[in-house]
4 protein chains.
Amino acid sequence: MAILQATARLFADRGYEQLTMEGIAHEAGVGKQTIYRWWTSKGALVADCLLEGLLLPEGIAPDDTGDIRTDLVTWLHKIFVLLESKGGPALMRSLIAAGAESDDVGGRLGDTFGTSSFLVERFDKAVAVGQLPPDAPLQQMGEALLGAVIFRTLTRAPADADVAARLVDVALGPRLADDGIRHGDLSE
Amino acid sequence: MAILQATARLFADRGYEQLTMEGIAHEAGVGKQTIYRWWTSKGALVADCLLEGLLLPEGIAPDDTGDIRTDLVTWLHKIFVLLESKGGPALMRSLIAAGAESDDVGGRLGDTFGTSSFLVERFDKAVAVGQLPPDAPLQQMGEALLGAVIFRTLTRAPADADVAARLVDVALGPRLADDGIRHGDLSE
Amino acid sequence: MAILQATARLFADRGYEQLTMEGIAHEAGVGKQTIYRWWTSKGALVADCLLEGLLLPEGIAPDDTGDIRTDLVTWLHKIFVLLESKGGPALMRSLIAAGAESDDVGGRLGDTFGTSSFLVERFDKAVAVGQLPPDAPLQQMGEALLGAVIFRTLTRAPADADVAARLVDVALGPRLADDGIRHGDLSE
Amino acid sequence: MAILQATARLFADRGYEQLTMEGIAHEAGVGKQTIYRWWTSKGALVADCLLEGLLLPEGIAPDDTGDIRTDLVTWLHKIFVLLESKGGPALMRSLIAAGAESDDVGGRLGDTFGTSSFLVERFDKAVAVGQLPPDAPLQQMGEALLGAVIFRTLTRAPADADVAARLVDVALGPRLADDGIRHGDLSE
DNA sequence: TCGTAACCGAGACGGTACGTCTCGTCTTAGG
DNA sequence: CCTAAGACGAGACGTACCGTCTCGGTTACGA
């Protein structure tokens with residue numbers, strides 16, 4: 001639908017706050033009523049954009065190196081780079097604001113990130129090949145990772161280089177050497 | 001300042017979106033210009049409320065039992081209970097929205113939760129008494145915990161009972177028995 | 001046609017301003033396009049209602065007493081009573097508004113009131129029996145009477161009792177006694 | 001007030017129907033709310049324009065020749081000429097529509113035309129100098145004249161030349177010669 | 001008997017204007 | 001002199017209708 005594309009365009013340009021129904025209608029060459037006929041609110045509209053994948057860049061998921069830890073670090077790092085790029089924080093915060101203000105968007109965010117994402121596949125595979133124990137709290141590991149990203153976005157924390165590695169360490173548990181002693185460069 | 005109290009009252013009642021400068025001015029018995037003289041935006045106003053502790057309930061921090069894991073689970077559980085209570089999710093989401101939309105609020109949230117909180121003290125003490133290794137990524141552990149709470153709030157995930165325990169397991173790393181095998185009820 | 005009846009019903013209920021094509025279509029159980037197929041505008045629709053006599057009450061014309069003056073006063077009085085009744089002024093003003101806004105309705109009003117009405121017959125008869133001179137400006141006398149009614153409706157003037165008599169005096173010219181002196185209770 | 005002037009300008013250009021609050025606001029360089037703060041409706045706005053004399057041309061009243069009949073015919077004729085001119089009928093019908101739809105405008109029309117006008121002065125003087133009997137129904141004579149003009153406007157009757165004379169004859173009563181026989185060119 | 005065409009109801013569409021709301025600035029009267 | 005009160009220009013909100021435009025579904029006629 002042209003409306004969704006117009007919404008995505010304006011959302012990326014201006015953010016959620018500045019997004020207006022009138023602007024969308026005009027951008028899409030559509031009457032306002034046509035939007036209200038199909039969506040109950042700005043939130044629902046943005047949620048559908050999310051569902052259609054019009055808001056988030058694709059191709060974040062890195063290649064599978066066989067090592068879950070490496071892959072996660074690469075993935076997180078890509079996200080951080082994206083968040084440091086121009087417009088990245090604004091888009092992310094707009095999404096968070098939209099999710100906070102609208103049940104539709106919030107639920108959709110959960111669906112998009114929580115269940116159907118790269119993380120789920122990768123975690124499942126890691127369990128299958130024995131890199132993670134079968135009783136690992138996969139759900140919470142994902143929440144911890146994604147939540148940390150959101151938290152850092154909210155608090156405007158700059159994403160320095162090895163935060164990604166440390167976060168993965170937290171999520172997966174520390175690497176264990178044969179002697180059971182933790183290793184890793186965790187100094188900050 | 002009466003303005004901050006009025007802001008906090010209306011914020012708690014109506015949330016961030018419904019909060020209006022005119023409403024605050026009227027509630028505080030003050031001219032709008034007086035507000036604009038001291039704060040540049042709604043966000044700055046809310047950020048100052050946050051700083052004064054007018055928005056968040058006190059006394060979440062549980063007693064120190066000596067065991068960091070127990071204390072964290074208790075603390076998380078209290079938060080979850082708060083989030084399940086009437087008005088809890090709305091207030092939390094309003095805070096998130098405010099943080100997303102306003103740099104002031106976002107930064108203040110970071111200060112409030114990230115540096116000056118219960119978590120920092122508790123983590124530091126755990127390191128001191130050897131419950132955590134000295135090189136533990138404390139910062140990221142906190143981000144993971146708080147971020148997960150935010151993520152669950154955003155996605156409207158209901159906070160069932162042992163999510164708290166699992167999240168703490170993720171954050172602290174699993175409990176290790178003498179044999180180096182993880183234990184815990186992590187099935188979901 | 002069901003459409004005309006629906007139009008008349010809604011016109012009587014709500015007036016010309018509140019009359020909407022969509023309302024008529026719905027009331028008549030008809031698609032909007034069907035109305036637009038047969039009538040070009042709301043005005044044309046109302047004009048046809050007028051032509052069919054669906055908008056105005058019938059039977060205003062009083063019995064013929066033989067005296068033109070008496071009959072006119074009775075007729076005017078009936079009109080005034082109608083105008084004082086519930087919904088009377090609203091209907092009349094709606095008609096005026098419709099006539100002012102739509103050439104169709106205006107022309108039809110002229111036909112209905114100006115040429116085919118009680119007044120024409122009555123005036124003609126009065127001329128025939130010698131109650132009015134043969135060169136009397138019948139057209140203008142009618143305009144004066146009807147126009148005065150419209151003017152009073154527009155200006156919301158209450159129709160007190162002997163306005164009717166005075167108006168008829170104006171239209172017919174004053175009664176003349178043998179001595180050529182005017183008589184009549186014309187004090188106001 | 002700039003708002004009233006803008007209203008008058010647009011009313012004269014476009015008529016009452018096409019008059020929009022948004023158009024007025026824009027034309028006056030004013031926010032819509034400012035209009036709504038001071039006037040409850042389009043009607044009230046137009047009524048105030050009327051009161052300020054912004055809608056009607058001035059200088060209709062002719063010189064006083066001493067003969068009421070001549071003056072009235074001249075006056076009526078001027079009105080008819082105005083009504084034949086470009087935009088004349090549209091303005092008049094817009095006024096009528098406005099008066100029909102809005103109590104404010106209707107009442108003001110009554111004030112403007114019915115009580116404070118040229119007619120009242122002229123009639124009073126005619127009574128004073130004996131051209132009209134002291135008990136003449138002046139009010140109704142005025143209503144008849146103005147009403148006839150309105151009626152002719154509504155019905156789109158073209159205002160041919162001697163309609164004015166005939167209307168005045170109706171309003172004043174026919175001229176009486178010494179022999180009590182009516183005279184006048186009343187053929188149509 | 002069966003297309004096929006006209007006409008229907010329904011209602012989505014791109015628009016305009018509505019009247020309300022809030023923004024951030026500007027003005028004013030009174031303490 | 002500062003403040004409360006609130007008017008102001010601006011413009012988004014969600015609603016009501018406008019007049020146009022497809023849609024299927026049903027008669028009803030001509031082949």
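To find a chain, count down the sequence lines: A is the first, B the second, and so on, and within it residues start at 1. Because only heavy atoms are used, hydrogens play no part in the values below, and waters and symmetry mates are left out as well, while side chains stay in.
For residues 89-103 of chain D, the pairs satisfying salt bridge (charged side-chain N to carboxylate O under 4.0 Å, His left out) are C/Arg156-D/Asp103, with sequence neighbours left out.
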Under 3.5 Å, side-chain donor or acceptor atoms of residues 24-36 of chain B against the rest of the protein: list the pairs with distances, not counting sequence neighbours.
residue: B/Glu27; atom: OE2; partner: B/Arg9; partner atom: NH1; Å: 2.3
residue: B/Lys32; atom: NZ; partner: B/Glu22; partner atom: OE2; Å: 2.7

Report, one line per pair, each donor and acceptor closer than 3.5 Å where one atom sits in a side chain of residues 10-18 of chain A; sequence neighbours left out.
none

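Looking at C/Asp111 and C/Leu50, their side chains never come closer than 4.5 Å, going by heavy atoms from C-beta outward. In this structure the side chain of D/Trp38 never reaches within 4.5 angstrom of the side chain of D/Ile3, judged on heavy atoms.
Read 5' to 3', the first and last nucleotides of DNA chain F with an atom closer than 4.0 Å to a heavy atom of chain B are F/dT3 to F/dA7.
The two residues C/Gly99 and D/Leu154 have their closest heavy-atom pair at C-CD2, 3.6 Å.
The residue among D/Gln18 and A/Met1 whose nearest nucleotide of DNA chain E is located toward the 5' end is A/Met1.
Remark: B/Arg108 CZ to A/Thr155 OG1 distance equals 13.5 Å, nearest 0.5 Å.
Using a 4.0 Å cutoff on non-hydrogen atoms, the parts of residues 20-43 of chain D near DNA chain E are D/Thr20, D/Met21, D/Glu22, D/Lys32, D/Gln33, D/Tyr36, ordered by number.
Remark: A/Ser41 pairs with A/Ala44, A/Asp104 by the side chain to side chain contact (heavy atoms under 4.5 Å, CB included) rule, at least two apart or across chains.
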